[in-house]
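A short write-up of the structure that comes next.
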Amino acid sequence: QAADKKVLAFVVNGASDFWKIAEAGVKKAQGELPNYDLQLKYPEQAAAAVQQRMMDDLVAAGAAGIMVSAVDPKNQTEHLNKVASQTLLFTTDSDAPNSKRIAYIGSSNTELGKDAGKMMLKALPNGGKCVGFVGLPGADNARERIEGVKETIKGSKIELVDVRGDEIDQTRAKRNVEDILAAMPDVSCMVGFYSYNTPRIYEVLKEAGKLGKIQIIGFDEDPITLGGVKEGSIAGTVVQQPYEWGYQGMKLMAAYIGGNKSGVPANGIIIVPGKVIDKSNVDDFMASMKAMLKK
Amino acid sequence: MNKKDLSLLVLILVVGAVVAFINPRFLYVGNLSNTLNQVGMFGIFSIAEAFVIIIGGIELSVGSVIALLGVLFIDLIVNHDVNWVLALAMIIAAGLAIGAVHGTLVTKIGIQPFVVTLCGLLIYRGAARYYTEDATAGFGFGASFPMLEWLTAGRTNILGFPLPHSVIALFVIAVIAWVVLHRSVFGRYLYAVGKNEEAARYSGIRSGRVVIAAYVICGGLTAFAAILIAMYTRSISPAVHGSFYELYAIAAAVLGGCSLRGGEGSIVGVVLGTVLLQVLQNLVNLLGIPSSLNFAVMGTVILIGVLADQYLVQRRRRATTAKGVPQASGAGASVGASAE
Amino acid sequence: MNKKDLSLLVLILVVGAVVAFINPRFLYVGNLSNTLNQVGMFGIFSIAEAFVIIIGGIELSVGSVIALLGVLFIDLIVNHDVNWVLALAMIIAAGLAIGAVHGTLVTKIGIQPFVVTLCGLLIYRGAARYYTEDATAGFGFGASFPMLEWLTAGRTNILGFPLPHSVIALFVIAVIAWVVLHRSVFGRYLYAVGKNEEAARYSGIRSGRVVIAAYVICGGLTAFAAILIAMYTRSISPAVHGSFYELYAIAAAVLGGCSLRGGEGSIVGVVLGTVLLQVLQNLVNLLGIPSSLNFAVMGTVILIGVLADQYLVQRRRRATTAKGVPQASGAGASVGASAE
Amino acid sequence: MSEPFLELVDISKNYPGVVALDHVDLSVSRGEVIALIGENGAGKSTLMRVLGGVVEPSGGLLRVDGVERSSLTVAEAIKAGIAFVHQELNLFDNLDVAGNVFIGREPVYGGPLRLIDRKQLHARVRPLLERLGADFGPDAPLAELSLAQHQLVEIMKALSLDARLVIMDEPTSSLTLTETDRLMRVIAALKADGVSVIFITHRLNEVVQCADRAVVLRDGHVVGSLRRDELAPAAMIRLMIGRDLKSLYVPPAAPPGASVLDIDGAVTSTYPDRAVSLSVRRGEILGLAGLVGSGRTELARAIFGVDPLQAGAIRLDGEAIRVASPRAAIDHGIYLIPEDRKGCGLLLDVSIAENISLPDLASYLRFFLVNTARETANARTQRERLKIRAPDVGTTVGSLSGGNQQKVVLAKWLSMRPKVLIFDEPTRGVDVGAKQEIYDMLRRLTDAGVAILMISSDMEEVIGVSDRIAVMHEGAISGFLDRSQFSEHNVLQLAVGHAVE
Ligand SMILES: Nc1ncnc2c1ncn2[C@@H]1O[C@H](COP(=O)(O)OP(=O)(O)OP(=O)(O)O)[C@@H](O)[C@H]1O
Ligand SMILES: Nc1ncnc2c1ncn2[C@@H]1O[C@H](COP(=O)(O)OP(=O)(O)OP(=O)(O)O)[C@@H](O)[C@H]1O
Ligand SMILES: [Mg+2]
Ligand SMILES: [Mg+2]
C-alpha cells in the first residue's frame with residue numbers, strides 16, 4: 001500500500017549527522033502526513049553528478065515532490081529546472097535563486113558566519129591569530145561561513161590566518177589541528193567550520209593541555225561541541241535548525257501539493273535563523289535537542 | 001562474444017528483469033535513457049582503462065584527470081572565450097600528452113605503473129583544486145553553448161527513444177576499439193606485451209612503444225569522457241569531481257574479463273561491465289533502497305554474479321569429466337586463479 | 001636493509017632536512033610525536049596490505065573494514081556496555097573472519113582478488129552506513145575508558161620523548177612481521193606462492209592455505225588498526241571514515257618495494273613507505289601550503305624521489321660497466337619493469 | 001634385482017582431443033635406472049607427472065609398496081620418496097639457490113616459530129653443489145643464473161630429497177658434456193645406494209651410458225622395452241619412430257661464400273674484459289660450443305639487440321650496423337631463436353597459429369587487419385613440416401609437450417626470410433626424428449644462402465651438423481675447428497680453455 005502513497009523526498013548533499021536532525025523533523029512531519037511517504041535520501045558521494053543522478057531516478061520513480069540540499073546550486077540550476085518541470089521542487093540548506101524551484105527553506109551561511117565572527121570578537125577582546133578548519137574549503141557553505149567571519153572581524157585585531165581543509169577525513173581533521181599547534185605556537189583561537197571539526201579541535205587541545213588558553217568557536221551541534229560549551233572550554237557554537245527545515249519543508253510541500261500555497265512567500269525564501277549557543281543557553285538547547293530527537 | 005561476456009549479459013538481464021518486476025518504471029523510456037547516458041560516459045573511460053590493463057599496466061589517475069581536464073575545459077570556454085571546437089581539441093591533446101608522459105615514465109624510466117599513476121592521481125587532483133582555488137567551476141546560469149551542449153549532452157529521438165549522444169559516442173568508440181583490439185596487428189601486440197613482454201620483444205615487437213601507445217589511447221579517451229562528464233554535470237567541484245572513478249573503470253574492466261596481470265580482456269566485456277555497474281546504481285534509487293545501502297547492494301550483486309558464474313563453470317566441468325569427455329583446458333585455472 | 005630501502009630512507013631524510021630547514025618546528029618533540037602516531041596507525045594496516053600483496057593478491061577493502069569495525073567497536077563499548085577487552089577481542093576476531101572469507105573466495109572459488117575485495121569495499125562500507133543509519137558513531141562528551149584510551153591513544157615518556165603507543169604497537173608488529181616474512185618457513189612460502197604458485201604446489205606447498213593465511217593476517221592487523229584509528233578520531237562518520245586508506249596502504253607497500261605481481265617486498269620498506277607518506281602530510285601543514293595542494297605535494301615528492309632513485313641506479317650501472325666491473329644484477333630490471 | 005616397490009597399472013590420461021596415455025604399465029625396482037624414451041608428445045612427461053602427483057590419471061591405478069590407489073598428490077608422492085626434476089623448470093627467481101633447493105623442506109629451529117636455519121641450509125646445499133660441479137654458491141640469487149644453471153638447481157632439489165626414486169625429465173637438455181658426465185656419475189652413485197632413477201632424454205648415448213632398461217613410448221602406448229644388453233641407438237630409434245634414420249651430417253650444396261655476419265671484439269656484461277670475434281659465412285652452419293655459462297647466450301642476446309653491446313662492432317655484409325633492439329636486428333635480417341622458450345620464446349596461453357605469426361604479422365595484413373585465414377593456413381603448413389603434434393593450430397601452446405613447444409618456436413622464424421639465423425639450443429627437448437627434420441631444414445636454409453650460427457650444448461649435434469665449430473671459454477673464443485678436426489676431444493679441450501694440439 002505504501003506504493004500508492006505520494007512520495008516526498010528530501011535529498012541531502014551527503015551523509016552527515018546534521019541531516020539526522022533534519023530526519024527527525026521529517027519523521028515528525030511523517031506522523032502528521034499519513035497520506036504521504038516521506039523519504040530522506042543520502043547520495044553516496046557529495047558530488048553534483050551523483051546527486052543529479054539520484055534526482056533523475058527519483059523523478060523516474062514518480063516522486064511527487066523533492067526538497068534538495070544541492071551540492072552545487074550555482075551550476076546545477078539547469079538540472080534543477082529540469083527536475084522542477086517534472087515535479088514539485090524545494091531547495092534547502094543552500095539556495096539556487098535562479099532556478100524554477102518553488103521555495104527555499106533554510107538559513108543563510110553568511111549570517112551564520114557573522115554570528116561566529118561576533119563571538120570571536122567577544123572571546124578575544126585583545127585580538128589574536130585564528131586558524132579555521134573545514135572539510136571542503138571550496139564548498140559554498142564553507143566559503144560563505146568563512147566570508148561571514150572575515151567580514152565581521154575586518155578591522156579588528158583578530159586575524160583569520162589560514163583555513164585548513166581535510167576532505168571530511170576525520171583522521172586528517174584531527175591531524176591538521178595537531179600540525180597547526182606545532183606550526184603556530186602563537187595561535188590564539190581555532191574555528192571549526194564543519195560540525196565534526198570542533199570536536200577534533202577540542203580533543204587535540206585537551207590532549208595538549210591547551211584548553212582555555214586557545215579559544216574555540218564552533219558551528220553546529222555535535223555532542224562534544226555542546227559538552228565543551230557546557231564545560232566552558234568552547235566559547236560557543238552557531239547552530240542551524242535543520243529540524244525545522246525538515247519538518248516545515250515537508251509540511252509545506254504537502255500543503256502545496258494539496259493546493260494550499262499560502263505558506264510560500266512571494267520571493268519563495270523562508271529563512272530559519274541560526275542560533276548562537278554559549279554557556280548561558282547550552283542546557284536549554286541540549287534539553288530541547290534531546291526532546292526533538294526522541295520522537 | 002565469449003562465454004565470460006555471455007554470463008555477464010545474463011547477469012545484467014536477470015538483474016534488470018528483477019528490478020523491472022518490482023518497479024516497472026525501470027523500463028520507462030526516460031529511465032532507460034538516463035541510465036544509458038551514464039553508461040555512455042562511464043563506458044568511455046572504462047574502455048580507456050582496459051587498454052592499459054591489457055598491456056599489464058594500471059591507470060589510477062582517471063578520476064583526477066577527469067576533474068582537471070573538466071575544470072580546464074569549462075574554464076577555457078567560459079572564462080577565456082575560447083571557441084569550443086578549439087577547446088575540445090586542446091583538452092583531448094592534453095589527455096594524450098598526459099598518457100604519453102605516463103607511458104614514458106613507465107617504459108623509459110622504468111617506474112612501476114602503479115606508482116606513476118598514483119602520483120598522477122595526487123598531482124592532477126591537486127592541480128585542479130589549486131587552479132580553481134577549490135571553487136566550483138561551472139557554466140553559471142544562462143551560459144549557453146547550444147551546439148556543444150546538443151552534441152555532448154543532448155539526445156536524439158530514434159524510433160521514439162531519446163538516445164543520449166554519449167551512448168552513441170560510446171558505441172562508435174567501442175566498435176573502433178573492438179576492431180583495434182581484436183582484429184588489428186596493434187591489438188595483437190597489445191595482448192602479446194601484456195602476456196609476456198620478454199617474448200614480445202624477442203619477436204621484434206617494440207614493446208616500449210606499444211606500452212606508450214596504450215597509455216596515450218587511455219589518456220585521449222579519458223579526456224573525451226572528461227568533456228562529456230563536464231557537460232553533463234555542468235559544474236565541477238575539483239575536490240570531489242570524478243573521485244573513485246578509476247575504481248569504477250577498473251571494476252568494469254575486471255568484471256568484463258580483464259586480468260590485472262595483463263594480456264586478457266574483451267571490449268564487449270568492458271562495456272557490459274559498465275552496464276552492470278550503472279544498472280545497479282539505478283536499481284538502488286528505483287527500488288527505494290536506503291542510499292546508504294547503495295554500495296552494499298552493488299557489491300552483493302557483483303559477488304553473487306561472480307559466484308554463480310564460477311559455480312556453473314565448475315558444475316559444467318564436473319559434468320563433462322564425469323561423462324568421460326575430456327575436460328576443459330585450464331584444469332589449474334581455479335587454483336591458479338588465486339594468484340591472479 | 002636492502003638498497004631499495006636505503007634509497008627510500010635517504011629520500012625521507014632529504015625531505016625531512018628540507019622541511020626542518022624551512023620550518024625548524026618540524027623537529028619539535030610534539031610534532032615528531034604526532035607524526036609518529038600517524039605512522040603507527042597507518043603503518044599497521046600497510047603491513048597488513050603488504051602480506052596480501054606479497055602473495056600476489058590485493059586487498060581493496062582496508063578502508064571499509066576500518067570504517068565498519070571502528071563503528072562496531074565504538075558501538076559495542078559505548079552502547080552495549082561490552083567490556084573493552086572483550087570488545088577488542090571480538091573486533092579482531094571479526095577482522096580475522098573477514099580475511100578468512102576473502103582468502104577462501106580467492107582460493108577455493110577462484111575469484112580474482114581484485115573482484116573479491118572490491119565487493120568487500122562496497123559491502124562493508126554499506127554495512128557500516130546502514131548499521132549506523134549514516135549517523136556518526138562516537139564516544140559522546142565525557143565518555144571515558146581511561147585504560148583503553150591510555151593503551152591505544154596514549155603516549156609514554158621515554159627520555160623526554162612522548163612515544164605514542166600506536167608506534168610502539170607498530171614496532172612490535174613490524175618486528176614480528178619481519179621475522180615471519182624474512183626468517184620463517186611460512187614467510188618463504190608466502191614469497192614462493194607470490195612468485196610462482198604452480199611451482200610452489202609442485203614443491204608440496206599447500207598454496208591455498210598460504211594464501212588464506214595471508215588474507216587472515218591482513219584482516220586481523222587491519223582490525224587492530226581500525227581500533228587504534230577509532231580511538232584516535234573518537235568519532236566515525238561511516239560514509240567517509242577510512243575511505244581511500246587502501247590506496248595509502250598499497251602506496252606504502254609499493255613505495256616500500258612490493259610488486260603488485262607478487263613475490264617481492266620487505267617490511268622495512270613498507271614501514272619507510274608509511275613514514276614518507278606521513279612526513280609529506282605533515283609538511284603541507286607545517287609549511288602552510290594550501291591544503292588543496294596537499295595531494296599534489298605528496299605526488300610530486302614521491303615522483304621526484306622515484307625518479308632520482310632510478311637515475312642514480314642507472315648512473316651507477318653505467319659507471320660500473322664503463323669501469324669494466326661486472327654490472328649489478330637485474331640487467332633486465334629497467335626494461336622488465338615496464339611490465340610490472 | 002629386487003621386487004618392484006612401485007607400479008603403474010593400466011594408466012590412461014585424456015586431454016581434450018588428445019589421448020596422452022593409453023593403458024600404460026610400468027614397474028620400478030630398487031636401484032634400477034630406467035630410461036624413458038619416445039617421440040615428442042609420446043606421453044613421457046605426462047606419465048611421470050602422474051607418478052609425481054601433479055596430474056590425476058583418467059584411469060588405472062598406482063601401487064606403492066603394495067598399497068593401491070587411484071592417484072597421488074604432490075605431498076603424497078614426496079612422502080612416498082619420489083623426487084621430480086620437471087621438464088619445464090619450476091623455480092623461484094626471488095629466492096637464492098639454497099632456498100630453491102630446500103623449498104618446502106627447510107631445516108628449522110625455534111620450535112613452533114619454525115624459523116629457517118640458514119647455516120644448516122647452506123651446509124646441506126654445499127655438498128650438492130660440489131657433487132654436480134656447479135660454479136655458483138648456495139646464496140647466489142636465482143635471477144642471476146643461466147638456464148643451464150637453473151637446470152642444475154632443479155637436479156639438486158631432487159637429489160636433496162633422500163628419495164627412493166628420482167624422476168628426471170630431460171635434465172640434460174641444456175647441459176654440456178661435462179655436466180652431463182658428472183650427472184651420469186651421480187646417477188651411478190644413486191644406483192649404488194639403492195635409489196631408483198627414471199630418466200627421460202632425447203640424447204640416446206646417455207641412455208646407453210647409464211640405463212639398466214629403456215622403456216619406449218609411442219602415442220601414449222608402451223611399444224617396447226630394451227634390456228641393458230639390447231641398448232643401441234639404432235634399436236631405440238627403430239622402436240621410437242618405427243623406421244631407421246640416416247646419418248646426421250649433410251654437406252652443403254656449394255662451398256661457403258663471403259662472410260655475412262662479422263662480430264668484431266664484442267664484449268658482453270658478464271665478461272667485461274673478454275672480447276669475442278667471429279664471422280659466419282653465407283651458406284654455412286657455424287656451431288658454437290662451450291661449457292655452461294661460457295657466455296654463448298649472452299653473445300647471442302647482444303647480437304640480437306636484447307642486451308646492449310659493451311664494446312665491439314657488428315658488421316653485416318661488410319657494413320657496420322647498430323643493433324639497438326630486437327626489432328632493429330629483425331629489420332636487418334638477423335633472427336634469434338632463444339633457448340628459454342617459456343620465458344622468451346612463446347606466449348603460453350595463446351594459440352599455435354598466433355604464436356607463429358607474431359613476429360611477422362605485417363605480412364598477414366588485409367586492410368590493416370590480420371587475415372586470420374592466411375594465418376591459420378600458414379600455421380597448418382608449419383605444423384605439417386615440423387610434425388607438431390597438436391589437435392589443431394588453435395590449441396594453446398601451453399598444453400603442448402616440451403618438444404612440440406620447441407617446434408613452435410622454430411616455426412615462428414622459419415616462415416620468414418632471414419639473412420642470419422642464430423639458433424640457441426635449437427633442438428632442446430626435440431626427439432631424434434624431428435631433430436633430423438630440423439637439421440635438414442637448416443641445410444636447406446644454408447643452401448638458400450642463409451648464414452647460421454648454431455649454439456648447442458649437444459655434442460652430437462655440434463659435431464654432426466656444423467660445417468665449422470667455434471668454441472667459447474669464459475667469454476672469449478678459444479678456437480675454431482674445421483670439419484677435419486672435429487672430435488669430442490678437441491671440442492672439450494677448447495671448451496676448458498686448452499689449445500688443440
Ligand atoms: N595440460 C594439457 N592439456 C592438453 N594436452 C596436454 C596437456 N599436457 C600434455 N598434453 C598433451 O599430451 C601429449 C603428451 O605430452 P607429454 O608432455 O607427456 O609428451 P612428452 O612425451 O613428454 O614429449 P616431449 O618429449 O616433447 O617432452 C601431448 O600431445 C600433449 O599435447
Ligand atoms: N640475467 C642474468 N643476470 C646475471 N647474470 C646472468 C644472467 N644470465 C646469465 N648470467 C650469467 O652469465 C654467464 C653466461 O651465461 P650464458 O647463458 O651466456 O652461458 P651459455 O654459454 O649460454 O651457457 P648455458 O646457456 O649453457 O648456461 C653465466 O655465468 C650466468 O651466470
Ligand atoms: Mg616431456
Ligand atoms: Mg645458453
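Per chain, numbering begins at 1; letters A, B, ... match sequence-line order. This is a predicted model, so every value here is computed, not measured.
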Segment of Leu105(C) engaging chain B (4.5 angstrom heavy-atom cut-off): side chain
Side chain / backbone / both / neither for Leu118(B) at chain C, heavy atoms under 4.5 Å: side chain
Minimum heavy-atom distance between Phe295(C) and Leu122(B), given as atom pair plus value: O-CB, 3.1 Å
Shortest non-hydrogen separation from Ile302(B) to Cys119(C) and the atoms involved: CG2-SG, 3.6 Å
Pairs flagged by side chain to side chain donor-acceptor pair (under 3.5 Å) wherever residues 240-255 of chain B is involved - sequence neighbours left out: Tyr248(B)-Gln281(B)
Close side-chain approach of Val297(C) and Ile123(B), heavy atoms under 4.5 Å: no
Distance (rounded to the nearest 0.5 Å) between Arg129(B) CZ and Leu293(C) CG: 8.5 Å
Aromatic ring proximity, centroids under 6.0 angstrom, Phe244(B) and Phe244(C): yes
Steps toward side-chain contact (heavy atoms from CB on, under 4.5 Å) verdict (Ile111(B), Leu307(C)): CA-CA 8 Å; Ile111(B) 310 178; Leu307(C) 278 174; 3.8 Å; yes
Nearest-0.5 Å distance that lies between atom CD1 in Ile58(C) and atom CZ in Phe114(B): 6.0 Å
Residue pair Gln112(C) / Leu260(B): nearest heavy atoms and the distance that separates them: OE1-N, 4.1 Å
Which atoms of Leu303(C) approach chain B - backbone, side chain, both or neither, heavy atom under 4.5 Å: both
Heavy-atom closest pair, residues Ala127(C) and Ala296(B): N-CB, 4.4 Å
Donor-acceptor contact present, side-chain Arg261(C) to main-chain Arg261(B), <3.5 Å: yes
